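Quick caveat, the model's predicted, so the values are computed rather than measured. Below, chain A is the first sequence line, B the second, and so on; all start at residue 1.
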There are 2 protein chains.
Amino acid sequence: MTKHARVSETSRHGDAHSVRMRNNIKILSAAEEVFAEKGFDGATTQEIADRAGLPKANVHYYFRTKKDIYLAVMSSIMAPWLEAFQAISAEDDPTEALGNYIRRKVMLSKERPLASRIFANEMIRGAPVLSEFLNSDLNDWVDEKVGILRQWAKRGKMDPIPPHHLFFVIWAATQTYADFEVQVCSILRRDRLTSGDFDTAADFITTLVLKGCGVRPSDQKTGRRSAKRTT
Amino acid sequence: MTKHARVSETSRHGDAHSVRMRNNIKILSAAEEVFAEKGFDGATTQEIADRAGLPKANVHYYFRTKKDIYLAVMSSIMAPWLEAFQAISAEDDPTEALGNYIRRKVMLSKERPLASRIFANEMIRGAPVLSEFLNSDLNDWVDEKVGILRQWAKRGKMDPIPPHHLFFVIWAATQTYADFEVQVCSILRRDRLTSGDFDTAADFITTLVLKGCGVRPSDQKTGRRSAKRTT
DNA sequence: GTCTATAGGCTGATAGAC
DNA sequence: GTCTATCAGCCTATAGAC
């Protein structure tokens, strides 16, 4: 009884070192790879199990269905994007706020390309699992940021552009370096993209957006090194 | 004998009205839908056959394997994009050439969104069938257009931006209206995108690129109506 | 919690009558 | 050219021994 009590104490599900937690992580990161490479239908629980180093039945012990795995992966994906997006504030200088946002989005394409591809796949397929999220939370958050762009325009800090479309373009331009990496690599003659490539991308997209939207350059120090043109 | 000769005359494979030709078209346009919605792995020959109004075995009579159907669909997809891309000429005024290219790309997202989604899926999966094309023909064609951008910059017609990346951004920004249509519709509160939405997109992306790259406005008549701001 | 064995269903593709 | 019937294989998911 004493022993049983101790064991159940140190292996509770929330424990960061429980077997359950470790296997959960193994399965989810294997699943992220497979879903990114093959899409939902192309992915098999067998391959997820193999990459996680577990028997298939064990995977189904932790996640009853393939869709459950997919849902868990999906919810882990959005957080960093939303965080970067939420950081845009009305009090910010537009140059800083947009520049930082674009740079952060490009770096997420560098650091978590699989996440970007899974999301892209989900959108292309018509958002079968994310449509509710799109129509509720995301809409509200975008509305708020659209309001900020309109304020900036009204105060003469930038041109009165169509604000939703600015986000569409920023999202597309930054995520293309993850989603279409093969194409980008092929055209730049790279085996894989370098840090310099991502810097060039971030600097160029920032220039395009700031100049293109007529954003007044701020006086304050930026702390941002200038572009190292790499092509 | 006479009859047989006549029949074989009017039903040759190249004949635009032969049964073979009609069924080929039925299968390929059904396949375009299914591949766009489900991806290569998610698509089934059964569903392609159903939407084409043919028994599955009949589909396999025209195309031996699913991959054969996919290849046929894929090759029909790229032509309009490449045509628009090839139209960019060194003699053109950059304002005209880039503006026309962007507008054409946006209109292709409107008119052939399925094609865009199939291509996006192919890229996300690492271009299993298109990688050879990417590394040969496309690379050469892009190189040529990159040269044109460099010439324009050297002649002071635009800023010296990283030319490859300008194409990456234009491709991403224009294609997002097809690939991520669900997201765009959700945020714009539309059931489907209107002609006005596509006009706004084309005008905005054009402004962003032309202003952002410091393209000198041309003096010549443009024949292009100005943006009807819709959002 | 782990894992072998297997159920039950769907898939791509073909055989062969018409 | 058309289409029914069918095969071999793989898939998700579970049963049940350990």
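- Rounded to whole angstrom, the span from the CD atom of A:Q46 across to the C1' atom of C:dC10 amounts to 17 Å.
- The side chain of B:N58 lies closest to D:dC3 when the candidates are D:dC3, C:dT11, D:dA13.
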Item to complete: Please lay out, stage by stage, how A:F204 and B:H164 fare under the test ring-ring contact (aromatic ring centres under 6.0 Å, His included).
Response: CA-CA 11 Å; A:F204 175 59; B:H164 300 95; over 10 Å; no

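- If you check every strand for non-hydrogen atoms under 4.0 Å, A:A43 touches sugar and phosphate atoms only.
- Here A:R117 does not pair with A:E37 in a salt bridge; the nearest charged N to carboxylate O distance is not below 4.0 Å.
- The nucleotide whose nearest atom lies closest to any side-chain atom of B:H60 is, among D:dG1, C:dT14, D:dA15, C:dT14.
- Rounded to whole Å, atom C1' of C:dT4 lies 15 Å from atom CG of A:L54.
- Between the P atom of D:dC10 and the CG atom of A:D41 lies a distance of 18 Å, rounded to the nearest Å.
- When the C1' atom of D:dG1 is taken as reference, atom NZ of B:K56 falls 19 Å away, rounded to whole Å.
- Contact annotation for B:F63: no contact, since no heavy-atom pair falls under 4.0 Å across all strands.
- Taking side-chain N and O atoms only, A:Y62 has no distance below 4.0 Å to OP1 or OP2 of C:dG1.
- Between the P atom of D:dT12 and the CD atom of A:E47 lies a distance of 10 Å, rounded to the nearest Å.
- Phosphate proximity of C:dG12 to B:R64: absent, as no side-chain N or O sits under 4.0 Å from OP1 or OP2.
- Note on B:N23: a side-chain N or O is less than 4.0 Å away from OP1 or OP2 of D:dT2.
- For B:R112 and B:E32, the salt-bridge test passes: some basic side-chain N is under 4.0 Å from an acidic carboxylate O.
- For B:R20, counting side-chain heavy atoms from C-beta on, the closest listed nucleotide (C:dA15, D:dA15, D:dG1) is D:dG1.
- If you measure from atom NZ of B:K66 to atom P of C:dC10, you get 16 Å, rounded to the nearest angstrom.
- Atom OH in B:Y61 sits roughly 5 Å away from atom P in D:dG1 (whole-Å rounding).
- Look at A:D50 and A:K56 and you find no salt bridge, because none of the NZ, NE, NH1 or NH2 atoms lies under 4.0 Å from a carboxylate O.
- Using a cut-off of 4.0 Å between Lys/Arg side-chain N and Asp/Glu carboxylate O, B:K110 and B:D197 are scored as not salt-bridged.
- Set against D:dT2, C:dA13, C:dG12, the side chain of B:V19 has D:dT2 as its closest nucleotide.
- Summarising the geometry, the separation between CZ on A:F35 and C1' on D:dT12 is reported as 12 Å, rounded to the nearest angstrom.
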